[in-house]
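Presented below is the structure to which this report refers.
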There are 2 protein chains.
Amino acid sequence: MATMTAAQRRDQEREAYNAYVAECPSRQVLDALSDKWVTLVLTALADAPRRYSELSRTIAGVSQKMLTQTLRLLERDGLVTRTITASVPVRVDYQLTPLGRTLLPVVRAIKDWSETHISEVRAARVAYDHAAPGT
Amino acid sequence: MATMTAAQRRDQEREAYNAYVAECPSRQVLDALSDKWVTLVLTALADAPRRYSELSRTIAGVSQKMLTQTLRLLERDGLVTRTITASVPVRVDYQLTPLGRTLLPVVRAIKDWSETHISEVRAARVAYDHAAPGT
DNA sequence: CGGAATCCTTTCCGATACTG
DNA sequence: CAGTATCGGAAAGGATTCCG
């Protein structure tokens, strides 16, 4: 009966962790913010509603797939609204919800820290890479 | 000569975007924070230095590989220091640098937003999923 | 104890083609 | 215009094994 006990214990720990993380508010939000494009979309919508095609152009380099996926995610989380105007051709506008707007200061906090400390981070990287160039 | 022009244009846009992103301080920092384990490690080190094994136990569910990788990343960015005590067995302590500590308020900002608004996000998700259960 | 190196699965994401 | 559906390569990440 003792076979795989260690592996099973680890499995259970991981399951417990996964359950914990699934519950943890910070982790859920962080996972959302972590998404490569989320903050860029939020920033793009900060000032005014935008059409899909506007976002596509504003956020240079985003693929259509990722843009749509990101927008769906934000819509699901109640951070943006999607408004369809059934004209010809179709027009779709996205805009931040009040909830979405409350997230902007957080994004700004990250941005501010970045701009303040990025030079130190870069210097640290150079020093680190210089110390161990081979790795 | 006009063959693949569209694809080429897209490639160039993506390259330009990638170059832009590579330069952008906010993106660099966000990429770092985005890392699944970075904030957890920072939080674990907030109050006191910790040994590797302590971190491993505190941050339940992290694999040895990811923990080491995360710590190396933070060390490279000048956010934590790594101190080796050459006893038997070896002892390694990690602690936040002053720079690393300046990041704690940002992490807290995310945490605060999360705890304040997570119920709204969850409600939005339920509503969204209820409206389109099939997808 | 604190890793490094390897393998191998899963997940991400861009490219492409098609639709209302 | 604003998507959806699908596929294949790349990358992330877990499990395992070995070392100072």
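Naming convention: chains lettered A, B, ... in sequence-line order (proteins, then strands); numbering from 1 in each chain.
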- Task: Decide yes or no for A:Val38 and A:Leu74: does some side-chain heavy atom of the first lie under 4.5 Å from some side-chain heavy atom of the second?
- Result: yes
- Are A:Thr83 and A:Val92 close enough that some pair of their side-chain heavy atoms sits under 4.5 Å apart? no
Write down the distance between [atom1] ([X]) and [atom2] ([N]), rounded to a whole number of angstrom.
X	N	atom1	atom2	answer
B:Ile59	D:dG14	CD1	P	13 Å
B:Asp35	D:dA12	CG	P	10 Å
B:Lys65	D:dA15	NZ	P	11 Å
B:Trp37	D:dG13	CH2	P	9 Å
A:Met66	D:dA10	CE	C1'	14 Å
A:Leu67	D:dT4	CG	C1'	14 Å
B:Lys36	D:dA12	NZ	C1'	11 Å
B:Arg91	C:dG2	CZ	P	8 Å

- Task: Taking only Lys NZ, Arg NE, NH1 and NH2, and the carboxylate oxygens of Asp or Glu, determine whether B:Asp77 and A:Arg125 approach each other closer than 4.0 Å.
- Result: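 Salt bridge: yes.
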From C-beta outward on [X], which listed nucleotide comes closest to its side chain: [options]?
X	options	value
B:Arg82	C:dG2, C:dG20, D:dG14	C:dG2
A:Thr68	D:dT4, C:dA15, C:dA4	D:dT4
B:Tyr94	C:dG3, D:dG3, D:dA2	C:dG3

Looking only at non-hydrogen atoms, find the nearest pair between [X] and [Y] and report the distance.
X	Y	result
B:Ile118	A:Gln28	CD1-OE1, 3.2 Å
B:Leu71	B:Val80	O-CG2, 4.0 Å
A:Leu104	A:Leu42	CD2-O, 3.9 Å
A:Val29	B:Ser114	CB-OG, 3.2 Å

- Note on the structure: Sorted by number, residues from residues 41-56 of chain A placing a heavy atom under 4.0 Å from DNA chain D are A:Arg51, A:Tyr52, A:Ser53
- Query: With sequence neighbours left out, which residue pairs that include part of residues 100-114 of chain A fulfil the salt bridge (Lys or Arg N to Asp or Glu O under 4.0 Å) condition?
  - Reply: A:Lys111-A:Glu115
- Item | salt bridge (Lys or Arg N to Asp or Glu O under 4.0 Å): pairs with one or both residues in residues 56-68 of chain A, sequence neighbours excluded |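 Sorted pair list comes back empty.
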- Message: Please give me every residue in residues 69-80 of chain B whose heavy atoms get under 4.0 Å of an atom in DNA chain C, ordered by residue number.
- Response: B:Arg72
- Message: Using C1' atoms of five pairs at each end, report the bend of the helix from C:dC1-D:dG20 to C:dG20-D:dC1 rounded to 10 degrees.
- Response: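 Here the local axes at opposite ends form an angle of 50°.
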- Item | Criterion side-chain hydrogen bond (donor to acceptor under 3.5 Å, both in side chains) on A:Tyr94 and A:Arg82, from CA distance to verdict | CA-CA 5 Å; A:Tyr94 292 89; A:Arg82 178 168 176 265; 3.2 Å; yes
- Roughly how far, to the nearest 0.5 Å, is CD1 of B:Ile84 from CG of B:Asp93?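 Nearest 0.5 Å value for the CG-CD1 distance: 10.5 Å.
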- salt bridge (charged side-chain N to carboxylate O under 4.0 Å, His left out) involving A:Asp35 - partner list, sequence neighbours excluded: none
- Query: With nearest nucleotides of DNA chain D determined for B:Ser63 and A:Asp93 from heavy-atom distances, which residue corresponds to the more 5′ nucleotide?
  - Reply: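 Result: A:Asp93.
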